[in-house]
There are 2 protein chains.
Amino acid sequence: MTDDPLAFQLFTEIGIIDQLGGAAFERALPAGLTRAQFGVLQHLSRRARPSQSPGTIAAAMQVSRATMTSTLGRLAKRGLVAIEDDPADGRGKQVRLTDAGETLRQACIAAVLPLLPLVGQALTAAEQDQMLGLLRKLREVLDTARDAAP
Amino acid sequence: MTDDPLAFQLFTEIGIIDQLGGAAFERALPAGLTRAQFGVLQHLSRRARPSQSPGTIAAAMQVSRATMTSTLGRLAKRGLVAIEDDPADGRGKQVRLTDAGETLRQACIAAVLPLLPLVGQALTAAEQDQMLGLLRKLREVLDTARDAAP
DNA sequence: CCGATATGATTTGATATCGAACTATATAGT
DNA sequence: ACTATATAGTTCGATATCAAATCATATCGG
C-alpha cells in the first residue's frame, strides 16, 4: 500500500484532502451553495473590475468554459449574478455580482470561518507556510506542463 | 487575492493541483479509463484477498457506496471486474479483478509512469517527503473531524 | 470588400460525486 | 419466534466536470 512511488502517494493524499476538505466546506455553506459557485462569487467580489467575461472567470477558476456556462447559469437563476451582453463584443457576455450575491457571499465567509481552526489543529503556522510554498512550486510546474502538452 | 487566510490558500492550491494532476493523469490513461476506475483496479490488485465487497472498496476509495455502484457497473460492463453474489451474505456482492482487468491495469501503470518525473522537476525528493508528511497530518485531522461531525 | 480563420459562448453526452429514498437481507431484543 | 433495527446495495435527482460539436461574431489576408 505504501510501495507506490512517492509522487503517486502525493497525488493520492492531495485527492483525499480535496475530497474531505471540499465536503466539509460544502456542508458548512448555506443554502446548498457549492464550492464552485462560492468560488465564482468570491472571485467576482475580489476584482477591481466589477464585471468580467465568462471566459475570464473560467480561466481564473481553472475550469473549461463549458463548465462555467453551467455554473453561471445556476448562479443567475438564483439571482446571485447578472449576465449581460457585452456591448463591446457581440459574442461576449459580462457577468457581475448582484447585491444578493454579495450578501450571500459574506454569509458564506461567516459560515466557513469556523472551519479554519481545523487546519491549525493539524499544522503549525510555520508548517502551513512551508506546505503552501511546496504546493505552489508543484502547481506551477503542472501549470506549465499543461500549457505545453496539448 | 492573497489576503485570504492561510488555510484557505492551502485548500485552493490543493484543489487546483488535484484538478491539474488528475487531468494529466487521465490524459495519459489508455482507453478512456478514468482516475476513479483506475483506482479501483489498483486497489483490487494490491489486496491479498482476491475479492472484496463494493462497500469495502467504497470505504477504501473514500467515496459513497452510490458512487461505487456506478463505477463498478462501468468496469463490469467492460469486463475488467467480475461482480458476484456473496455466498455468505444474501445482501452482499463480491468484486474481483478479471484477467483483462489486470492486464489493463498494468498497461495503465506503464502509461502513467512517464508522468512521475514531472513532480521531480518541481520538488526534490526531500521536499516530496516533507510534503507527504504534512499532507498526511492534515488528512488525518480531516478524517477524524469527518467521523465526528455527521 | 470577402473569404478564411480565430474566438466567445452554448449544447450535448459522458463520467464522477453526493444525499436521500428504496429494497432486500441479517441481526438483536424481548 | 417475531418484531424492530441495522446493514448492503441500488436508484434517483442534483451538481461539477470535460471534450467535441455548434453557432455567432471578430479579425485577418489578400
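Heavy atoms only: backbone and side chains are in, while hydrogens, waters and symmetry mates are out. Residue numbers start from 1 in every chain, and the chains themselves are labelled A, B, ... in the order their sequence lines are given, proteins ahead of strands.
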- Message: Please determine whether a side-chain nitrogen or oxygen atom of A:Thr67 lies at a distance below 4.0 Å from atom OP1 or OP2 of D:dC18.
- Response: yes

- Query: Pick the nucleotide of DNA chain D nearest each of A:Gln37 and B:Arg91; which residue has the one closer to the 5' end?
  - Reply: B:Arg91

- Task: Specify the separation, in whole Å, of atom CZ of B:Arg35 and atom P of D:dA16.
- Result: 18 Å

- A:Asp18 CG - C:dC18 C1' separation (whole Å): 15 Å

- Message: Minimum heavy-atom separation for A:Leu33 and A:Cys108, please, with both atom names.
- Response: CD1-SG, 3.6 Å

- Between D:dT17, D:dG9, C:dT17, which nucleotide has the shortest distance from any of its atoms to the side chain of B:Ala36? C:dT17

- Is any side-chain N or O of B:Arg74 closer than 4.0 Å to OP1 or OP2 of C:dT15? yes

- Query: What is the nucleic acid contact for B:Asp89, judged by heavy atoms within less than 4.0 Å: base, sugar-phosphate only, or nothing?
  - Reply: sugar-phosphate

- Is A:Gln62 near enough to D:dT17 that one of its side-chain N or O atoms lies under 4.0 angstrom from OP1 or OP2? no

- A:Ile57 CD1 to C:dT10 P: how many Å, rounded? 11 Å

- Message: Can you work out whether A:Glu26 or A:Ala66 has the more 5'-proximal nearest nucleotide on DNA chain D?
- Response: A:Glu26

- Task: Decide yes or no for A:Met131 and B:Leu138: does some side-chain heavy atom of the first lie under 4.5 Å from some side-chain heavy atom of the second?
- Result: yes

- Task: Could you state the atom-to-atom distance from CZ of A:Arg65 to P of D:dA24 in whole Å?
- Result: 17 Å

- Query: Rounded to the nearest 0.5 Å, how far apart are CD of B:Glu102 and CG of B:Leu80?
  - Reply: 11.0 Å

- Nucleotide D:dA14, atom P - distance to CG of A:Leu33 in whole Å: 17 Å

- Message: Counting only side-chain nitrogens and oxygens, does B:Ser64 get under 4.0 Å of the OP1 or OP2 atom of C:dC18?
- Response: yes

- Rounded to whole Å, the CE-P distance (B:Met68 to C:dT15) equals 16 Å

- Query: Does a donor on one side chain sit under 3.5 Å from an acceptor on the other, for A:Ser70 and A:Arg74?
  - Reply: yes

- Note on the structure: Per atom distances to the A:Thr34 side chain, the nearest of C:dT17, D:dT15, D:dA6 is D:dT15

- Item | Interatomic distance, A:Arg27 CZ vs D:dT15 P [rounded to whole Å] | 19 Å

- Query: Where does the angle between the aromatic ring planes of B:Phe38 and B:Phe25 fall among parallel (under 30°), tilted (30 to 60°) and perpendicular (over 60°)?
  - Reply: tilted

- From the candidates D:dA16, C:dA16, C:dA9, the one with an atom nearest any side-chain atom of B:Ser70 is C:dA16

- Item | B:Gln19 side-chain N/O to D:dA16 phosphate OP1/OP2 under 4.0 Å | no

- Message: Measure CG/B:Asp86 against C1'/C:dT25 and give the value in whole Å, please.
- Response: 12 Å

- Any B:Thr69 side-chain N or O less than 4.0 Å from OP1/OP2 of D:dG9: no

